[in-house]
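Report on the following structure.
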Protein chains: 2
Amino acid sequence: MNNTLDPSFREQLRFVTKNVHWYLGIGDVAEATGVSQSQLRYWEQKGYIESKKENNQNRKYTYGTLIKVFIIKNYMEQGFTLGAAVKKAAAHKETTELIKRFVLDRFEGVETIDGLPAINLGYLDKAKSERLFALIKEDHTDFKIIPTSEA
Amino acid sequence: MNNTLDPSFREQLRFVTKNVHWYLGIGDVAEATGVSQSQLRYWEQKGYIESKKENNQNRKYTYGTLIKVFIIKNYMEQGFTLGAAVKKAAAHKETTELIKRFVLDRFEGVETIDGLPAINLGYLDKAKSERLFALIKEDHTDFKIIPTSEA
DNA sequence: CGTGTAAGGAATTCTGACACG
DNA sequence: CGTGTAAGGAATTCTGACACG
């Protein structure tokens with residue numbers, strides 16, 4: 001239908017997450033995680049992490065793999081062996097995906113309430129009698145419920 | 001019902017977002033957005049986007065810049081000039097940061113409720129009488145409020 | 001204004017081997 | 001088991017210039 005940007009934040013967010021498929025180079029992953037390039041190649045050879053090689057060229061990593069590498073590294077620093085760290089990291093893999101799902105499902109846009117930026121999270125209940133907002137404050141975020149009638 | 005692992009998911013998330021500072025190469029940004037490398041260099045020269053050059057070497061871009069580039073490109077495809085597209089893209093810049101703030105402030109972990117993955121968003125009210133959860137379902141996400149006493 | 005290209009140099013990544021252990 | 005390094009080649013990115021417009 002449209003491959004252009006809708007003015008709505010929500011549509012924008014969906015559009016971006018759906019259409020931007022990006023990868024990181026091995027140097028960027030090594031730099032960000034503190035895990036060496038030789039470690040990354042070895043971990044891949046053992047099947048612990050994955051990379052993509054589009055045209056039989058350089059390795060490219062997803063964001064999920066970047067995080068996985070970082071978590072594995074930290075478990076190793078806690079004393080786990082490489083193999084054990086990999087197993088532990090796998091338990092956390094689902095989290096990022098769930099958060100992404102939540103944001104894509106519930107993010108309706110950014111508004112201003114009481115002079116603060118407020119994330120519109122849509123209807124709180126199925127009866128659609130109340131709307132839920134997340135008010136981003138200086139050092140924390142509060143929820144605020146607003147009856148639909150007031151809108 | 002708590003699937004809490006090692007350090008809590010929350011701590012893990014904070015730790016990761018706080019400690020993993022990653023960048024993308026120009027080739028990765030070009031590949032992901034469909035904007036050519038020469039365009040990216042020109043846009044930077046004009047001050048529309050930024051890149052970092054750690055050791056006076058190759059350009060590195062943040063995720064925010066990646067998104068900005070993608071949005072600019074799409075506005076241009078809608079007929080806006082480069083300059084106009086940049087201004088429009090700027091209006092969306094804050095969104096990603098706010099969502100990140102919200103997730104870091106409110107994400108308490110992933111649990112299981114009614115057999116579904118549920119994101120624990122902490123107390124709904126200041127009196128801490130109710131907790132808010134986001135239940136991730138097949139094709140949408142519902143909120144669920146649970147009185148603290150039931151916990 | 002905005003982007004592409006050819007050119008030569010610089011920085012990055014590749015593989016397979018070998019070292020250490 | 002897990003990582004580092006030296007080596008030579010391949011792929012990537014750099015800048016400044018020039019073209020088109």
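Chain A is the first sequence line, chain B the second, and so forth, proteins listed ahead of strands; every chain is numbered from 1.
Looking at the side chain of A:I26, the nearest of the listed nucleotides C:dT13, D:dT13, D:dT3 is C:dT13. The side chain of B:S36 lies closest to C:dT3 when the candidates are C:dT3, C:dC14, D:dT13. Nearest to the side-chain atoms of B:T81 among the listed nucleotides C:dT3, C:dT15, C:dG2 stands C:dG2. Closest contact between the side chain of B:Q39 and the listed nucleotides C:dG4, D:dG2, C:dC14 involves C:dG4.
Between A:R41 atom CZ and C:dG16 atom C1' there is a gap of 12 Å when expressed in whole angstrom units. What separates CD of A:Q45 from P of C:dT15 is a distance of 11 Å, to the nearest Å. In this structure, B:Q37 places its CD atom 15 Å from P of C:dT12, rounding to the nearest Å. B:R59 places its CZ atom 11 Å from the P atom of D:dT13, with the value rounded to the nearest Å. Rounded to a whole Å, the CG atom of B:N58 is 5 Å from the C1' atom of D:dT13. Computed from coordinates, the B:Y23 OH to C:dT12 C1' distance equals 19 Å when rounded to whole Å. Rounded to whole angstrom, the span from the OH atom of A:Y61 across to the C1' atom of C:dT12 amounts to 13 Å. We find that CG of B:L40 is positioned 14 Å from C1' of D:dT12, with the value rounded to whole Å.
In this model, the phosphate group of C:dT15 is approached by a side-chain N or O of A:K53 to a distance below 4.0 Å at OP1 or OP2. Not one side-chain nitrogen or oxygen of A:Q57 sits closer than 4.0 Å to the OP1 or OP2 atom of D:dA10. A close approach under 4.0 Å does not occur between any side-chain nitrogen or oxygen of B:Y42 and OP1 or OP2 of C:dT3. The phosphate of C:dT5 (OP1 or OP2) has no side-chain N or O of B:S38 nearer than 4.0 angstrom.
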Could you check B:R131 against B:E108 for salt bridge (Lys or Arg N to Asp or Glu O under 4.0 Å), going step by step and ending with a plain yes or no? CA-CA 11 Å; B:R131 286 178 171 282; B:E108 299 273 353; 5.9 Å; no
Full working for salt bridge (Lys or Arg N to Asp or Glu O under 4.0 Å) between B:E77 and B:K73: CA-CA 6 Å; B:E77 287 179 350; B:K73 173 208 168 198; 3.7 Å; yes
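With hydrogens and angles left out, the side-chain atoms of B:R41 and B:Q45 include no donor and acceptor closer than 3.5 Å.
Partner assigned to C:dC18 is D:dG4, using Watson-Crick or G-U wobble distances below 3.5 angstrom.
Summarising the local packing, CD of A:E130 is surrounded by more than 12 heavy atoms from other residues, nucleotides or ligands at distances under 6.0 Å.
A pairwise comparison of heavy atoms in A:Y123 and B:F143 identifies O-CD1, 3.9 Å as the closest pair.
Residue-to-nucleotide proximity on DNA chain C shows that, of B:W43 and A:G27, the 5′-proximal contact is made by B:W43.
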